[in-house]
Amino acid sequence: MSDKIIPYGMHEMPNEDKDSVWYALGNDWITSGPLVKKFEEEICKQTNAKYCVALSSGTAALEVAVASIQFPKGSEIITTPYTFMATSNSIIYNHHIPIFADITKDTYCIDPEKIKEKITKKTKAIIAVDFAGHPAELEELANIAKENNLFLIEDAAHSFGAEYKNQKIGNIAELTTFSFHPVKHITTGEGGAITTNNEELYKRMQCLRNHGIDKDAFQRFGKDKGYMYDMMNLGRNYRIPDFNCALGLSQIKRLDKIIEKRTKIAETYSKSFSNIKGIKVPTIKDHVKHAWHIYPILLPEEISRDEIFLKMREKNIGVNVHYIPIYKFTYYKNNFNFNEIDYPNTEKIFKRTITLPLHTKLTEEQVKYIISTVNSILT
Ligand SMILES: *Cc1c(COP(=O)(O)O)cnc(C)c1O
C-alpha cells in the first residue's frame, strides 16, 4: 500500500498555525517578548500550575529544573533507565550522579519500591518519567520524596494533557518539564517548559534561562527603566523565540482534540491486537488519563524483535524502539558502573518492545494497513 514510510510520530501544521507564526514575525519582539509570556500563561491554564517558564527545549527544561534546586555537587538523583537520555543527562550537566532504579512491569515507569532501595545520604531528588504518556506512580513517589526529604521532578515530555487521579500533569510534582519537539503532542519547532507552584524556584528558573541575569530585555525596556542588571547564577541562553511561542499558542488550542485522536487510534490498536497470542498491549491504570505520546507493544517472547522490526520497515511502517536502556550507551559505560542485571524489567521489556506509528495525521486506511501488517507478520 504505502510507497512512503509512515513515521512513528509526526506534527500537524494547519494553515492557522502558519498564519500565527507569520503574524508573530511582524512583531517588534521576536524573542523574549509578549508571546513567550502568553504561551506560559496558556500552559499554566492547561496544567493548573501557578508558574511556567518556557525555554528552548525539553532538554534545557530538565537541565534548568535540576539546576534551580541548587544541590551540592555530587548529589545523587534517582531516575529511570528506560527513557530518552536527556532525562539522566540533565543530572550529569549539573555535576550530580545519576542512579537508576528499575521500572514496573505494567506501565514501564520507575518502580517506587526500587527507588527505596537506592536512597542514600547523598540522594536529593527523584526524576520520574511518564512513559509513553502514562503518568508514573506519582502519589507513591511524592510520599517517598516527602519521607526522605527529596525533590520530585517529573519529566512529562510524553504526558502533556495527561491526568493522574483527576489532577492535571504539571501540577503534581514540585517541578514538571515538557517538550515541544515535533514528535510530541504540540510543537514549537524546538521548545520546552517547566511548571511549578514554587515561586522561588520559578524566579530562579527564569533567571537561569537567561544567563542567570535577574532582568530580561523585556523587563529593562521602557522610559522608566534603567540599564542595571545583575547576574545571580551561572545560567545559559535557553530562551525561546516569540514566533516559536506563536506556533505553540496556536497548537495548544487543539491539545484536547489531539489527545482524543491519539486515544482513538491507540484503542483501535489495542482492540485489534488483543487476540494475537503473546502480544502485550499497553496497560492503562484506572486512575489515569493517558496522553498517548507513543504506542509500544511487547512482542511474543519467542520472536526476534529485530526481525519483526526489519519486516515492518520493509513494509514502510516506521516502527521504532523506545527505549535503548541508558546504561547501555558508551558514554554511560565509560563514566559509570551500571550493571544490567540490576534492571531485569528494563532488560525484559527492551528485548520485546516495538513502537507503532501514532500521530494525528495517520489516516484510517493507514491504521488498518498497520494492523493488518502486524497480523500477517505475527500469525
Ligand atoms: C523528547 C524528550 C526529552 C527532550 O526533549 P527535547 O525537547 O527534544 O529536548 C526529554 N525527555 C523525554 C522523556 C523525551 O521524550
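One-based numbering, in listed order, for ligands and for the atoms of each. Any value given below was found using the heavy atoms of this structure, including those in side chains, with hydrogens, waters and symmetry copies removed.
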Enquirer: Quick check: Phe160 with Phe180 (ring centres under 6.0 Å apart)?
Expert: yes
Enquirer: Is the shortest side-chain N to carboxylate O distance from Glu76 to Lys118 below 4.0 Å?
Expert: no
Enquirer: Identify whether the distance between the nearest side-chain nitrogen and carboxylate oxygen of Lys285 and Glu139 falls below 4.0 Å.
Expert: no
Enquirer: Going by an N to O cut-off under 4.0 Å, is there a salt bridge joining Lys328 and Glu340?
Expert: yes
Enquirer: Taking the six-membered ring where the residue is Trp, are the ring centres of Phe338 and Phe336 under 6.0 Å apart?
Expert: yes
Enquirer: Can you give me a line-by-line list of nitrogen or oxygen pairs between ligand 1 and the protein shorter than 3.5 Å?
Expert:
| from | atom 1 | to | atom 2 | distance (Å) |
| --- | --- | --- | --- | --- |
| ligand 1 | 5 (O) | Ser179 | OG | 3.2 |
| ligand 1 | 7 (O) | Gly58 | N | 2.8 |
| ligand 1 | 7 (O) | Ser179 | OG | 2.7 |
| ligand 1 | 9 (O) | Gly58 | N | 3.3 |
| ligand 1 | 9 (O) | Thr59 | N | 2.8 |
| ligand 1 | 9 (O) | Thr59 | OG1 | 2.5 |
| ligand 1 | 11 (N) | Asp155 | OD2 | 2.8 |
| ligand 1 | 15 (O) | His158 | NE2 | 2.8 |
| ligand 1 | 15 (O) | Lys184 | NZ | 3.0 |
| ligand 1 | 15 (O) | Tyr323 | OH | 3.4 |

Enquirer: Is the shortest distance from a Lys or Arg side-chain nitrogen in Glu16 or Arg254 to a carboxylate oxygen in the other one below 4.0 Å?
Expert: yes
